[in-house]
Amino acid sequence: MEVLRNDQRSQLEALYEQMEPEGLYPLWEKLSALVLPQPDSPAKVHKWSYDSARDYLMRAGDLISAKQAERRVLILENPGLGGLSSITPSLYAGLQLILPGEIAPAHRHAQCALRFVLEGEDAYTSVDGEKAVMRPFDLVLTPGGQWHDHGNPTSKPMIWLDGLDIPTVRHFDASFAEGYSEDQFPQQVPAGDSLNRYGRNMRPLKGHVADRRPAHQPLFHYPYAEWRPALDAMARGAEIDPHLGHALEFLNPVNGGPIMSTISAHVRLMPAGFETRDRRATDGTIFVVVEGQGEAVVEGETIALTPREILVVPSWKTVRFKAQSQLVLFGYSDKACQEKLNLYKEENL
Ligand code: GTQ
């Protein structure tokens with residue numbers, strides 16, 4: 001807006017005051033703050049220590065059961081997004097604990113969820129009556145609308161990172177949720193059924209369209225035992241990407257697209273001593289350190305990285321990674337959603 005004359009300013013202020021009670025405001029006072037020349041995220045770069053969060057989560061485990069809580073989760077709230085239960089403006093993250101013998105009861109909701117296992121093995125997530133038996137660093141999905149319960153029949157605690165599109169669904173005012181009549185949705189097929197049928201670059205010759213799983217989303221388990229060797233093989237053979245390291249995206253086998261309608265996920269490997277170049281992208285990303293020691297340098301600020309730590313890098317913040325030892329990262333973001341809306345941009349610097 002151009003500079004105003006003094007008399008103009010006072011008359012305009014009087015006008016604003018009169019129209020405000022009717023919910024009317026002058027765009028010209030706000031235009032530059034509404035239509036930004038580039039992203040200026042209110043979210044902050046932030047890292048959560050696993051050990052500290054784990055201590056609080058275990059203390060919560062002494063005080064409330066998974067059944068009482070429905071989901072016993074500590075929300076990872078971005079310090080720039082106070083009160084919003086969001087890790088970026090569009091995404092949510094939490095750390096969920098299931099103690100031995102517990103069940104987090106069946107429910108379904110419009111929100112899409114992913115789980116990335118951090119501790120424990122052989123607890124399960126059941127999706128529409130099919131169990132995925134979870135092991136460290138497995139990725140498990142519960143796409144929107146599917147009944148899911150979690151259970152831990154083992155003798156050790158199970159902890160994973162939940163990644164959901166809660167703020168996105170809130171933004172669209174499109175949330176639906178309901179509980180199931182029983183704690184567990186009845187088992188329909190043996191554990192691992194979908195992985196066997198869709199997870200090996202194959203699909204049933206007959207019946208994949210009318211499958212019990214939604215035809216557009218048949219696969220919901222991406223085991224560490226499969227993605228980790230794939231990254232290693234890539235690191236042996238492929239030329240390294242200077243901005244990403246060796247990076248593989250998790251795909252929906254039906255269409256080669258992202259894992260869910262609103263959320264994309266990937267893994268990266270950087271060999272010891274490797275340092276990426278600077279890069280920025282509009283998809284604020286939540287990273288989990290899977291393996292190795294390193295550093296993230298975000299807008300000039302250095303952040304040490306060690307296994308199981310969780311780092312959020314908001315939209316359009318310039319980041320590079322340094323691997324002190326071989327560094328493996330998991331990341332998820334709203335890239336899937338932004339691409340549908342033709343908003344996604346990245347820049348290699
Ligand atoms: O496991 O279904 O962290 O519904 C937040 C909401 C986990 C879940 C969360 C949820 C869940």
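Both ligands and their constituent atoms are indexed starting at 1 by order of listing. Count residues from 1 along the sequence.
Put simply, the residue from Glu130, His221, Gln217 that forms a side-chain hydrogen bond (donor to acceptor under 3.5 Å, both in side chains) with Ser194 is Glu130.
The shortest distance between side-chain heavy atoms of Gln188 and Asp128 does not fall below 4.5 Å.
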* **side chain to side chain donor-acceptor pair (under 3.5 Å) between Thr142 and Arg115, worked out** => CA-CA 8 Å; Thr142 39; Arg115 332 280 168 192; 2.7 Å; yes
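Atoms of ligand 1 lying under 4.0 Å from at least one heavy atom of His150, given by number and element, are 1 (O), 8 (C). Per-residue contacts place His107 under 4.0 angstrom from the following atoms of ligand 1 (heavy atoms of the residue considered): 2 (O), 4 (O), 8 (C). Within ligand 1, counting atoms from 1 as listed, the ones closer than 4.0 Å to a heavy atom of Val73 are 3 (O). Shown in contact with Gln96 at under 4.0 Å from a heavy atom are these atoms of ligand 1, numbered in order with element: 1 (O), 7 (C).
The aromatic rings of Trp28 and Tyr16 sit tilted relative to each other, their planes meeting at an angle between 30° and 60°. Relative orientation of the Tyr222 and Phe250 rings is perpendicular, given thresholds of 30° and 60° on the angle between their planes.
Remark: distances from the non-hydrogen atoms of Glu70 to ligand 1 are all 4.0 Å or more. Not a single heavy atom of Gln111 sits less than 4.0 Å from an atom of ligand 1.
Regarding atom 5 (C) of ligand 1, its nearest protein heavy-atom neighbour is Tyr92 OH, 3.5 Å. Counting only heavy atoms of the protein, atom 4 (O) of ligand 1 lies nearest to His109 NE2, 2.9 Å. The single protein non-hydrogen atom nearest to atom 11 (C) of ligand 1 is Arg71 CG, 3.7 Å, given as residue, atom name and distance. The protein non-hydrogen atom at the shortest distance from atom 6 (C) of ligand 1 is Leu164 CD2, 3.9 Å. Considering only non-hydrogen protein atoms, atom 7 (C) of ligand 1 sits nearest to Asp162 OD2, 3.3 Å.
Contacts between Thr142 and ligand 1, counted as non-hydrogen atom pairs separated by less than 4.0 Å, are absent for every part of the residue.
Note: Trp147 CH2 to Glu182 CD = 11.0 Å, rounded to the nearest 0.5 Å.
Defined by atom type and a distance below 3.5 Å, a donor-acceptor pair is present between the side-chain atoms of Gln338 and Thr282.
Between the Thr276 side chain and the Phe321 main chain, a donor and an acceptor come within less than 3.5 Å of each other.
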